[in-house]
S.K.: 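Let me give you the structure first, and then I'll get to my questions.
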Amino acid sequence: MNRFGYAVCQFVYGSLRFSRGISLDSHLSNARVANSPFRNLRWEEGNNSNDGQKWQTLEHRGPLFPPEYEPLPNNVSFYYGGEPMKLSLAAEEVATFYAKMLEHEYTSKEAFQKNFFTDWKEVMSDDDRKTIKKLSKCDFSELHKYFVNKSEEKKNMSKQEKQALKEEGSRLTEEYGYCLLDGHREKIGNFRVEPPGLFRGRGEHPKMGKLKKRIHSVDVIINCSKDSKIPAPPSGKKWKRVQHDNTVTWLASWVENVQKHTKYIMLNPSSKLKGEKDWQKYEVARSLKLEVDSIRHQYQQDWSSREMKTRQRGVALYFIDKLALRAGNEKEDDTADTVGCCSLRVEHISLHESLDGQEWVVEFDFLGKDSIRYYNKVPVEKRVFKSLKIFMENKDPEDDLFDRISTTYLNKKLNEYMTGLSAKVFRTFNASTTLQDQLSKLTKEDMTVEEKILSYNRANRAVAILCNHQRAAPKTFEKSMQLLQEKIQKKKEQIEQAKKELKKAKKAHKEHPSDRSKKLVEQKENAVRRLEEQLKKLELQVTDREENKVIALGTSKLNYLDPRISVAWCKKYNVPIEKIYNKTQREKFAWAIDMTDADFQF
DNA sequence: TTCCAGACTTGGGTCCAGTGGA
DNA sequence: TCCACTGGACCCAAGTCTGGAA
């Protein structure tokens with residue numbers, strides 16, 4: 001219980017689907033077991049262990065390694081200065097990474113070329129290095145063509161060959177794609193070790209083009225329970241270490257060489273462990289609803305504080321709440337220059353006492369996560385505006401706007417307001433609240449299912465816009481829109497024709513009434529109605545797609561919108577859940593689908 | 001108090017299998 | 001049957017946040 005009287009939910013598995021102590025092998029033979037670990041289970045509040053233990057038993061097969069490098073055939077050559085050249089095996093492998101990327105724009109970038117060439121030289125043999133002095137003299141085109149042909153060949157494989165490949169894939173997924181956690185057979189999210197290749201960061205990443213080295217078993221740490229069958233490393237090889245830490249959820253890990261970050265093999269979102277965590281996340285966000293008024297009141301008071309730190313905190317929190325900005329942790333230097341709230345610099349905002357007929361406008365323009373641009377003009381309260389003016393005084397453009405605060409400080413303060421509260425909770429809270437509000441505004445009982453879905457997508461879109469989830473317009477967008485328009489035109493012509501036929505049938509019926517003529521009129525009426533419905537559906541599709549051109553709905557749907565809101569909405573308005581969530585999403589949100597009634601309120 | 005690493009969530013891009021229309 | 005298109009699985013980078021060491 002926190003000081004606001006809110007009990008942070010704890011989660012217990014009501015009834016176990018599998019008995020404990022069952023072995024992985026016995027389950028691997030049965031692919032059909034346990035589609036959803038939540039189905040038929042009772043979720044209830046209770047006492048989970050509070051010592052940070054995530055599981056009692058964990059057994060798995062270890063990660064699946066990518067295939068070894070297959071040397072190029074003799075008739076495919078790399079050229080240096082116009083002359084064919086046989087590279088050492090290691091250098092050849094890295095050359096193929098570059099060759100495969102030749103069509104990408106970024107291979108033309110200076111940083112990419114420089115990083116690649118430096119790392120490539122490192123794996124070259126002395127002989128290779130003696131010859132190869134300049135990247136500009138390297139010709140990878142034959143290698144590139146070889147891989148293009150290879151992928152073409154794969155496309156043109158016979159049905160049987162494709163089937164065999166698919167079966168092999170399924171076999172591997174069966175063997176490596178599942179683990180046994182506390183007796184439950186759970187899907188693993190990413191059971192493959194990342195293959196070697198060239199690092200491609202997002203945006204202007206200073207490390208783009210660097211070599212991501214091959215990971216061997218000796219680099220991999222295995223995490224499983226003591227009494228489980230320890231996964232076998234590839235024959236003749238060893239693991240870096242085998243540990244039995246049940247306070248973490250990962251199954252295997254290694255450190256990648258480019259950014260020195262740890263990579264993990266973890267469970268699929270449909271798993272019990274991830275599901276519980278997700279539920280917990282939405283419960284914390286829901287509980288913010290009870291506190292948000294007092295928190296808002298508090299940060300508004302902070303705008304007038306004499307202490308600069310408090311004042312900055314008040315304004316930063318206001319941005320995080322109102323604009324759903326990310327916290328904005330400090331970043332390492334050798335990454336793309338992106339920012340969030342706390343790391344905003346003076347150059348990222350402009351102040352306008354009046355703009356487009358509005359007063360006290362702040363213009364934001366910065367690159368956020370993944371180098372996605374955030375551009376927004378927002379009228380703010382006068383006190384916020386004045387405070388920002390003070391924060392910017394005597395500062396250079398590249399100075400921090402909020403120089404007195406950090407994300408750690410902000411989150412500490414937030415945790416004082418409410419247990420479990422951190423900056424990102426506001427994003428979840430505001431996203432889910434927006435969805436719920438929009439759904440209630442946009443949905444009407446008498447709508448068709450298609451109209452309701454359009455309303456849902458519009459509500460979802462409002463959230464995506466709030467969270468700045470943008471995407472590049474699909475490459476085939478214009479073409480597919482044109483196709484849709486053509487379909488609409490055709491449908492209109494069909495309606496015209498059908499109406500003519502109806503008129504004719506009515507006339508005939510009037511002149512010589514009979515059962516047959518009456519039936520014909522009904523048939524024609526039905527045809528017109530059906531066509532008009534089809535037209536309406538197509539027009540809705542156009543609207544939906546147009547509005548969705550550069551907005552990505554998936555991210556908010558998967559990460560920010562409490563699924564119980566969607567499930568309740570589906571139940572209330574008789575929309576099949578399949579129209580809102582695809583199979584994977586239904587698996588991830590099985591807990592919500594199981595537990596939510598039509599009257600759920602976030 | 002600061003720094004840093006570890007653990008986990010969030011995120012857009014890519015690619016390919018499946019689908020539906022010609 | 002073929003082909004174009006698209007949804008969704010997969011990939012892996014890039015965030016957030018916490019806890020412990022210095």
Side-chain angles (χ1 to χ4, degrees), chain A residues 52 54 66 101 104 151 154-155 159 162-163 165-166 169 173 177 187 189-195 197 199-203 205 207-208 212 221 223 245 247-250 253 255-256 258-269 273-274 277-278 281 320 325-332 335-336 338-343 367-372 406-412 414-415 420-428 431 464 467-472 474-477 479-481 483-484 486-487 490 545 550-560 581-585 587:
Chain A
K54 306 284 170 55
M101 294 174 131
H104 284 280
S151 89
K154 201 180 162 196
K155 254 185 227 162
K159 225 176 176 179
K162 279 185 183 169
Q163 184 60 25
L165 217 62
K166 199 178 164 190
T173 306
K187 224 178 184 172
N190 55 325
F191 57 87
R192 289 167 204 273
V193 167
E194 291 173 17
F199 176 82
R200 169 67 189 133
R202 295 172 192 152
H205 201 294
K207 290 192 170 177
M208 64 169 84
K212 236 177 77 169
I221 302 171
N223 194 40
D245 181 359
T247 66
V248 295
T249 64
W250 53 267
S253 76
V255 176
E256 55 89 23
V258 176
Q259 309 210 79
K260 307 276 185 286
H261 287 164
T262 314
K263 299 273 184 157
Y264 301 94
I265 303 283
M266 285 194 191
L267 293 177
N268 185 274
L273 216 52
K274 294 281 187 189
K277 203 74 196 296
D278 215 31
K281 173 181 85 181
I320 284 168
L325 296 190
R326 294 186 188 83
N329 284 313
E330 269 183 54
K331 292 185 61 181
E332 290 152 49
T335 58
T338 60
V339 297
C341 185
C342 291
S343 48
L367 295 182
K369 183 179 175 184
D370 293 328
S371 293
I372 301 285
S406 68
T407 53
T408 314
Y409 166 72
L410 214 59
N411 282 338
K412 237 180 214 165
L414 287 173
N415 203 53
L421 184 61
S422 64
K424 85 185 181 103
V425 178
F426 278 88
R427 246 166 110 79
T428 313
C467 295
N468 200 38
H469 292 147
Q470 300 183 40
R471 62 164 182 179
K475 280 172 196 142
T476 52
F477 183 80
K479 205 174 171 188
S480 76
M481 282 307 264
L483 229 71
L484 258 179
E486 281 166 16
K487 266 192 199 170
K490 212 167 162 187
R545 246 188 242 184
V550 289
I551 309 286
L553 299 188
T555 306
S556 49
K557 206 183 213 179
L558 279 177
N559 300 302
Y560 288 107
Y581 291 137
N582 65 33
K583 186 172 156 277
T584 320
Q585 292 163 343
E587 278 170 13

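Chain letters run A, B, ... following the sequence lines, proteins first and then strands; every chain starts at 1.
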S.K.: Measure CD1/Ile372(A) against P/dG11(B) and give the value in whole Å, please.
M.R.: 10 Å
S.K.: Here's a test of your reading of the structure: between Asn468(A) and Lys260(A), which maps to the more 5' nucleotide of DNA chain B?
M.R.: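 That would be Lys260(A).
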S.K.: So Lys583(A), base contact, sugar-phosphate only, or nothing? Heavy-atom distance under 4.0 Å.
M.R.: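 Touches nothing.
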S.K.: Could you tell me how far apart Lys557(A) (NZ) and dG12(B) (P) are, to the nearest whole angstrom?
M.R.: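 Rounding to the nearest Å, NZ of Lys557(A) and P of dG12(B) are 15 Å apart.
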S.K.: Taking 4.0 Å as the cut-off, does a side-chain nitrogen or oxygen of Asn329(A) come that near to OP1 or OP2 on dT16(C)?
M.R.: yes
S.K.: Counting only side-chain N and O atoms of Thr555(A), is one of them less than 4.0 Å from OP1 or OP2 of dT10(B)?
M.R.: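 For dT10(B), OP1/OP2 do not have a side-chain N/O of Thr555(A) under 4.0 Å.
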S.K.: If we only count heavy atoms from C-beta on, is the Glu194(A) to Glu256(A) side-chain gap below 4.5 Å?
M.R.: no
S.K.: Say whether, by atom type as modelled, one donor and one acceptor occur between the side chain of Lys54(A) and the main chain of Trp250(A) under 3.5 angstrom.
M.R.: no
S.K.: Can you find a pair of side-chain heavy atoms, one from Val193(A) and one from Pro66(A), that are under 4.5 Å apart?
M.R.: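 They are in contact (side-chain heavy atoms under 4.5 Å apart), so the answer is yes.
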S.K.: Using a cut-off of 4.0 Å on non-hydrogen atoms, how would the nucleic acid contact of Thr335(A) be classed: base, sugar-phosphate, or nothing?
M.R.: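 Contact class for Thr335(A): none.
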S.K.: Hey, is the main chain of Ile372(A) close enough, under 3.5 Å, to the side chain of Asp370(A) for a donor-acceptor pair?
M.R.: no
S.K.: On DNA chain C, nearest-nucleotide positions of Asn411(A) versus Lys263(A): which is more 5'?
M.R.: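 Going by which nucleotide is closer to the 5' end, it is Lys263(A).
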S.K.: Can you tell me which nucleotide in dG8(C), dG11(B), dG6(B) comes closest to the side chain of Tyr264(A)?
M.R.: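 Looking only at side-chain atoms, Tyr264(A) lies closest to dG6(B).
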S.K.: Without decimals, in angstroms, what is the distance between Leu558(A) CG and dT9(B) C1'?
M.R.: 12 Å
S.K.: With heavy-atom distances below 4.5 Å as the criterion, would you say the side chains of Lys274(A) and Asn268(A) are in contact?
M.R.: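 A side-chain contact is absent here, since even the closest heavy-atom pair is not under 4.5 Å.
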S.K.: Reckon His205(A) has a side-chain N or O less than 4.0 Å from the OP1 or OP2 of dA14(C)?
M.R.: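 Checking His205(A) against dA14(C): at least one side-chain N or O falls below 4.0 Å of OP1 or OP2.
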S.K.: It should be established whether Ser371(A) places a side-chain nitrogen or oxygen under 4.0 Å from OP1 or OP2 of nucleotide dA14(C).
M.R.: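 Looking at the OP1 and OP2 atoms of dA14(C), neither is under 4.0 Å from any side-chain N or O of Ser371(A).
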S.K.: When you measure from the side-chain N and O atoms of Thr249(A) to the phosphate of dC8(B), is any distance below 4.0 Å, counting only OP1 and OP2?
M.R.: yes
S.K.: Return no unless some side-chain N or O of Arg326(A) is found under 4.0 Å from OP1 or OP2 of dG11(B).
M.R.: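 Checking Arg326(A) against dG11(B): at least one side-chain N or O falls below 4.0 Å of OP1 or OP2.
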S.K.: Please determine whether a side-chain nitrogen or oxygen atom of Arg200(A) lies at a distance below 4.0 Å from atom OP1 or OP2 of dA14(C).
M.R.: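 For dA14(C), neither OP1 nor OP2 has a side-chain N or O of Arg200(A) closer than 4.0 Å.
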S.K.: Tell me whether the rings of Phe199(A) and His205(A) are parallel (<30°), tilted (30 to 60°) or perpendicular (>60°).
M.R.: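 Because their plane-to-plane angle is over 60°, the rings of Phe199(A) and His205(A) count as perpendicular.
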S.K.: Please confirm whether any donor atom in the side chain of Lys277(A) sits under 3.5 Å from an acceptor in the base of dT9(B), or the reverse.
M.R.: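 Side chain to base: no pair below 3.5 Å.
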S.K.: Measure from the side-chain heavy atoms of Arg202(A) and tell me the nearest of dG15(C), dG8(C), dG12(B).
M.R.: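 Within the option list, the nearest is dG12(B).
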S.K.: Hey, does the side chain of Lys212(A) come within less than 4.0 Å of dA13(C)'s phosphate (OP1/OP2), counting only N and O?
M.R.: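 Yes, Lys212(A) has a side-chain N/O under 4.0 Å of OP1/OP2 on dA13(C).
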S.K.: Specify the residue among Gln585(A) and Ser422(A) whose closest nucleotide of DNA chain C lies further upstream toward the 5′ end.
M.R.: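 The 5'-side residue here is Gln585(A).
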S.K.: Counting any heavy atom closer than 4.0 Å, what does Ser253(A) reach on the DNA or RNA strands: base, sugar-phosphate only, or nothing?
M.R.: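 Nothing: the residue Ser253(A), judged by heavy atoms under 4.0 Å, touches no strand.
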S.K.: With respect to the phosphate group of dG15(C), does any side-chain polar atom (N or O) of Lys331(A) fall under 4.0 Å of OP1 or OP2?
M.R.: yes
S.K.: Is there a donor-acceptor pair under 3.5 Å between the side chain of Asn223(A) and the backbone N or O of Asp245(A)?
M.R.: yes
S.K.: Among dT9(B), dC8(B), dC17(C), find the nucleotide with the atom closest to the side chain of Lys274(A).
M.R.: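 For Lys274(A), the side-chain atoms sit closest to dT9(B).
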S.K.: Evaluate the side-chain proximity of Val550(A) to Gln470(A): yes if any heavy-atom separation is below 4.5 Å, no if none is.
M.R.: no
S.K.: Output the single nucleotide from dT18(C), dA9(C), dC12(C) whose closest atom is nearest the side chain of Pro195(A).
M.R.: dC12(C)
S.K.: Considering only dG6(B), dC8(B), dT16(C), which nucleotide approaches the side chain of Lys424(A) most closely?
M.R.: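 Of the options given, the side chain of Lys424(A) lies nearest dT16(C).
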S.K.: Report the distance from atom CZ of Phe199(A) to atom P of dC12(C), rounded to the nearest whole Å.
M.R.: 12 Å
S.K.: Using a heavy-atom cut-off of 4.0 Å across all strands, would you classify Ala336(A) as base, sugar-phosphate, or nothing?
M.R.: nothing
S.K.: At 4.0 Å (heavy atoms only), tell me whether Lys369(A) reaches a base, stays on the sugar-phosphate, or touches nothing.
M.R.: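 Contact class for Lys369(A): base.
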S.K.: Describe the nucleic acid contact of His469(A) in one word from base, sugar-phosphate, nothing, applying a heavy-atom distance below 4.0 Å.
M.R.: sugar-phosphate
S.K.: Report the distance from atom CD of Gln470(A) to atom C1' of dG11(B), rounded to the nearest whole Å.
M.R.: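 So the CD-C1' distance, Gln470(A) to dG11(B), works out to 13 Å.
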S.K.: Using a heavy-atom cut-off of 4.0 Å across all strands, would you classify Gly328(A) as base, sugar-phosphate, or nothing?
M.R.: sugar-phosphate
S.K.: Within this structure, what is the CG-to-P distance between Asn559(A) and dC8(B), rounded to whole angstrom?
M.R.: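 These atoms are roughly 16 Å apart.
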S.K.: To the nearest Å, how far apart are Asn415(A) CG and dT16(C) C1'?
M.R.: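 Going from Asn415(A) (CG) to dT16(C) (C1'), I get 14 Å.
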S.K.: On DNA chain B, compare the nucleotides closest to Cys467(A) and His104(A); which residue's is nearer the 5' end?
M.R.: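 It is Cys467(A), whose closest nucleotide lies nearer the 5' terminus.
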S.K.: Figure out the CD/C1' separation between Gln259(A) and dG15(C), and round it to whole Å.
M.R.: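 Computing the Gln259(A):CD to dG15(C):C1' distance gives 12 Å.
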S.K.: Classify Asp370(A) by what it touches in the nucleic acid, base, sugar-phosphate, or nothing, heavy-atom distance under 4.0 Å.
M.R.: sugar-phosphate
S.K.: Counting only side-chain nitrogens and oxygens, does Thr584(A) get under 4.0 Å of the OP1 or OP2 atom of dG8(C)?
M.R.: no
